[in-house]
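One structure below.
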Amino acid sequence: MSYQLIICEKPSAAMRIAYALGGTHVRRERYKGLPVFWLEIEGKRVAVVPALGHLYGVEQNSTGWSFPIFDLRWAPLKDRRKRMWIEAIAEIAKGADSYVCACDFDVEGSLIGYTILRYACGGVDIKAKRMRFSTLTKEELRSAYKNALGRLDYERVYAGKVRHEVDWIFGVNTSRALMDAMGRAGGGFEVLSAGRVQSPTLYALCRREVEINLHVPDPFWSLNSEVVIKGAKYPAEYKVKEFFSRKEAEDVAERCQGKRGYVKDVLVKRKRIPPPPPFNLGDLQREAYRVFGYSPSKTQRIAERLYLSAAVSYPRTSSQKLPHSLGLGRIIEKLGRTERYREAARRILEKGIVKPREGRSTDPAHPAIHPTGTLPKRMSGEEGRIFDLIVRRFFATFGEDAILEEREAVVEVNERDSFKVRARDLVESGWTEYYRPYVAWRKTEGQRFEVNDEAIFVRVDVEDKFTAPPERYTASKLIAYMERQGLGTKSTRAEIIDNLYRRGYIEGREIKVTDLGFAVVGILKRFFPELVSVKMTSALEGDMVEIESGRRDQVEVVLKVVDTMKPVFERIIEKYEEIGEELFGVMNQLRRNELGPCPKCRSGHMRIVRSKKSGKRFIGCDNYPNFCNFSFPIPQRGKISRSNADCNFCGFPIIEVKDGWKIWRFCVNAGCPSNKR
DNA sequence: GCAAGGTC
């Protein structure tokens, strides 16, 4: 008897879909490692199988590392597990008589389903149906199955294909151009890269770096003051915040230091602070940076581990929604079985109505990040921290509004001098109780300042200051910038930032762009300014929308991209030497310290130089020609680096050359017996 | 060895 085949995006989704459609009669088996769910719907046999995200991707239709390449094909990704799953799905598809794509209802999901149905299942995409759903709830999945579209959503599929192909054409070709130009200039091999998302991100960092460099610090003076009212100390702010001469500030300090004033006026404002929304990935990454100092990629890795151990829900989500169907009451109850969360869970459940605060962002396939109620037996310290942050944030969304009282007093010392004193009290702690220790506001006991209270100025200090340059980005701030600009996706942003570090384009926690980063952006801007612009992404998105709505043809869009890129690469090839020299020069600076001190004069550094006469590269001392004439010939190809060892014969440094898979080492002393053969 | 996007 034949059956229907339903393709899903990932294992967890396949399981949800299988149980939603099959009720209790689901039989689970493994075929070549692939989970297969067998069930019946109205007497018809059905097999539900998962993919692992993309199983197919674009690759060049030729071999080698030449450029530019425009001829691409879709092929299985080079991953053993994925290849096994493709084989397994292909065999199961042979026995099927109808097909349904039940991947996430977005561009990438539609493409994942399409490539599998087309390339693994023998072109059955043309007779497949498409389930459309926005959450993986039972009701919605059943209705999505019943009302499935009678064909694949090809418009969305084509938009996805174009996204992949265009990114490859821009990214891989430009990266190869950079690497190749540097290699030919004698700079050896180093991984360099450029792309639609990473290059505009790096450009934004460069612009900030330039602003910082252009900043001229102006001196100014300010007062740092403290006042005691009713026995409590408060910082006080003088009515003038910036003085432009030290004398002015000193005069005020002299008039006020140690003096008694009185509270002339008090302004009280009450603010209602609703609970924060539940986490999506970006929120979690920013919050974990704020409270633990974790980088976004670290937080993501930890959250993914917690997801794999079933402690938290799917972390790669942009949703800030917690639909009732998640069984929120049950989750709270399960968490409440542990000592740690007992009290909070009890108080939330006591209220009766379990309704969380939600945020505005949604996600086509997942709810906000939340605990599942399962507690993993073992968690590392880091996992425990992130887990606790997620649990307490989840609890907080069920809390009442917090009420903050802000009191602002005007304190007068004499007729000329007055200060502002601010105090903030938590009147109703509401949700903040659940979110401790991650929120600092506390209820304050004791008296509050009132009109006519005495105020003693225990400190009025003059401070020398300078106007500050704009702040550097941190990875956390950079993620927020990328989100605002629509650069990358929730799943890729952290990884792309990591990549910029790995390439040596940026460094430091407060991100600084290196000379190499500047050189790459400079070259891109000269030859292909669009690639450093955030508009590149919006333009591609515009094209994708037009393809999705059927107004434009996918092939035409890719051809247009090829047409705009061809002259760009021609220009690059014309200026190959210039580009190569520039990268080579910068690389050399970076490698200066890597090669180590000069073994002859001991004060300079070894570096790679290129002879003006012969065009060949060699190792020379950077004290040449003034104090030192050390030199040593090296192979013209390959990456040069200092090895950890010194020569056994003469003690000179050993240099390593890596060219593809070949590695060889030699001593940099031309007169050393190890070099005589 | 190169992009950006999905997923373990």
Side-chain angles (χ1 to χ4, degrees), chain A residues 7-14 33-35 50-60 64-69 72 74 77-82 84-85 103-104 106-116 159-183 188-202 300-301 304-305 307-310 314-317 364-366 482 486-500 502-503 520 524 531 536-537 540-541 544 561 565 638-639 658-661:
Chain A
I7 311 271
C8 309
E9 182 150 328
K10 51 182 168 282
S12 62
L34 172 81
L52 263 176
H54 282 291
L55 298 185
Y56 290 82
V58 278
E59 60 178 34
Q60 68 188 71
W65 286 84
S66 66
F67 111 98
I69 298 277
L72 306 178
W74 282 81
L77 290 172
K78 290 175 179 35
D79 173 303
R80 265 188 63 215
R81 185 143 164 239
K82 289 182 190 221
M84 290 274 286
W85 284 30
C103 295
D104 295 353
D106 53 27
V107 167
E108 298 296 334
S110 294
L111 181 60
I112 289 168
Y114 162 85
T115 51
I116 293 169
K161 278 183 74 180
V162 166
R163 208 278 304 145
H164 280 249
E165 290 166 17
V166 166
D167 276 339
W168 199 103
I169 291 170
F170 283 142
V172 175
N173 283 319
T174 314
S175 304
R176 284 185 186 176
L178 294 172
M179 288 184 275
D180 200 40
M182 186 170 76
F189 173 73
E190 198 73 41
V191 180
L192 298 172
S193 65
R196 172 177 58 85
V197 178
Q198 62 171 273
S199 298
T201 304
L202 182 58
Q300 187 167 338
R301 275 194 304 277
E304 277 163 8
R305 281 205 301 273
Y307 162 69
L308 293 176
S309 60
Y314 190 73
R316 290 189 287 260
T317 176
H366 306 280
M482 293 170 82
L487 287 170
T489 72
K490 59 210 178 256
S491 325
T492 59
R493 287 180 189 120
E495 199 187 321
I496 285 170
I497 295 172
D498 268 14
N499 244 331
L500 294 176
R502 212 167 300 136
R503 301 268 180 275
V520 167
L524 295 177
L531 195 58
M536 183 92 179
T537 290
L540 179 61
E541 274 169 2
M544 285 169 66
V561 166
M565 287 307 285
K639 186 180 166 179
K658 273 187 206 162
D659 185 10
W661 50 269

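Chain letters run A, B, ... following the sequence lines, proteins first and then strands; every chain starts at 1.
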Look at Arg196(A) and dG5(B) and indicate whether a side-chain polar atom (N or O) is within less than 4.0 Å of OP1 or OP2.
-> yes

With a non-hydrogen cut-off below 4.0 angstrom, is Glu495(A) in contact with a base, only sugar-phosphate, or nothing?
-> nothing

Nucleotide nearest Val191(A) when distance is taken to its side chain, options dG5(B), dA3(B), dG1(B) | dG1(B)

Heavy-atom check, side chain of Thr115(A) versus side chain of Lys161(A), under 4.5 Å | no

Rounded distance in Å - CD (Glu59(A)) to P (dC2(B)) | 15 Å

Measure the distance from CE on Met544(A) to C1' on dG5(B) and round it to the nearest whole Å.
-> 10 Å

The residue, Pro11(A) or Val197(A), whose nearest nucleotide of DNA chain B is more 5′ is Val197(A)

May I have the distance from Trp74(A) (atom CH2) to dG5(B) (atom P), rounded to whole angstrom?
-> 13 Å

Base, sugar-phosphate, or nothing for Tyr314(A), non-hydrogen atoms under 4.0 angstrom?
-> sugar-phosphate

Tell me whether the OP1 or OP2 atom of dT7(B) has a side-chain N or O from Arg301(A) closer than 4.0 Å.
-> no

When you measure from the side chain of Asp167(A), which nucleotide among dG1(B), dA4(B), dT7(B) comes out closest?
-> dA4(B)

Derivation of the side chain to side chain contact (heavy atoms under 4.5 Å, CB included) call for Met536(A) and Leu531(A) | CA-CA 6 Å; Met536(A) 183 92 179; Leu531(A) 195 58; 3.9 Å; yes

Asn499(A) side chain, from C-beta outward: closest of dC8(B), dT7(B), dA3(B) | dA3(B)

Integer-rounded Å distance: dG5(B) C1' and Glu165(A) CD | 14 Å

Check the distance between dG1(B)'s P and Gln198(A)'s CD and give it to me in whole angstrom.
-> 17 Å

Atom CZ of Arg305(A) and atom P of dC8(B): how far apart are they, to the nearest Å?
-> 15 Å

Just to confirm, is there a sub-4.0 Å distance from OP1 or OP2 of dG5(B) to any side-chain nitrogen or oxygen of Thr492(A)?
-> yes

Check whether any side-chain N or O of Tyr307(A) sits under 4.0 Å from OP1 or OP2 of dT7(B), and answer yes or no.
-> no

Whole-Å distance separating the CG atom of Leu178(A) from the C1' atom of dC2(B) | 10 Å

Out of dC2(B), dT7(B), dG5(B), whichever nucleotide has its closest atom nearest the side chain of His366(A) = dT7(B)

Round to the nearest Å and state the distance from Glu304(A) atom CD to dG5(B) atom C1'.
-> 13 Å

Contact class for Ala51(A) vs. all strands (heavy atom < 4.0 Å): base, sugar-phosphate, or nothing?
-> nothing

Taking the side chain of Val172(A) as its heavy atoms from C-beta onward, which of dA4(B), dC2(B), dG5(B) lies nearest to it?
-> dC2(B)

By side chain to side chain donor-acceptor pair (under 3.5 Å), which residues pair with Trp74(A), not counting sequence neighbours?
-> Glu165(A)

Upstream residue (5' side of DNA chain B) when Glu9(A) and Asp180(A) are each assigned their closest nucleotide | Asp180(A)

pair Arg503(A)-Leu192(A): side-chain heavy atoms closer than 4.5 Å | no

Respond yes when some side-chain nitrogen or oxygen of Arg163(A) is under 4.0 Å from OP1 or OP2 of dG5(B), and no when none is.
-> no

Choose from dG1(B), dA3(B), dT7(B) the nucleotide whose nearest atom is closest to any side-chain atom of Val58(A).
-> dA3(B)

Below 4.0 angstrom from OP1 or OP2 of dA3(B), is there any side-chain N or O of Ser193(A)?
-> yes

Do the non-hydrogen side-chain atoms of Glu108(A) and Arg163(A) ever get within less than 4.5 Å of each other?
-> yes

Check every strand shown and say whether Gly488(A) touches a base, only sugar-phosphate, or nothing at a heavy-atom separation below 4.0 Å.
-> sugar-phosphate

Quick one: list whatever passes side chain to side chain donor-acceptor pair (under 3.5 Å) with Ser66(A), sequence neighbours left out.
-> none

Can you name the one residue among Thr489(A), Ile497(A), Thr537(A) that meets side-chain contact (heavy atoms from CB on, under 4.5 Å) with Met482(A)?
-> Ile497(A)

Thr489(A) has its side chain closest, among dT7(B), dG5(B), dC2(B), to dG5(B)

Taking the side chain of Ser175(A) as its heavy atoms from C-beta onward, which of dC8(B), dC2(B), dG5(B) lies nearest to it?
-> dC2(B)

Which listed nucleotide (dC8(B), dA3(B), dG5(B)) is nearest to the side chain of Trp168(A)?
-> dA3(B)

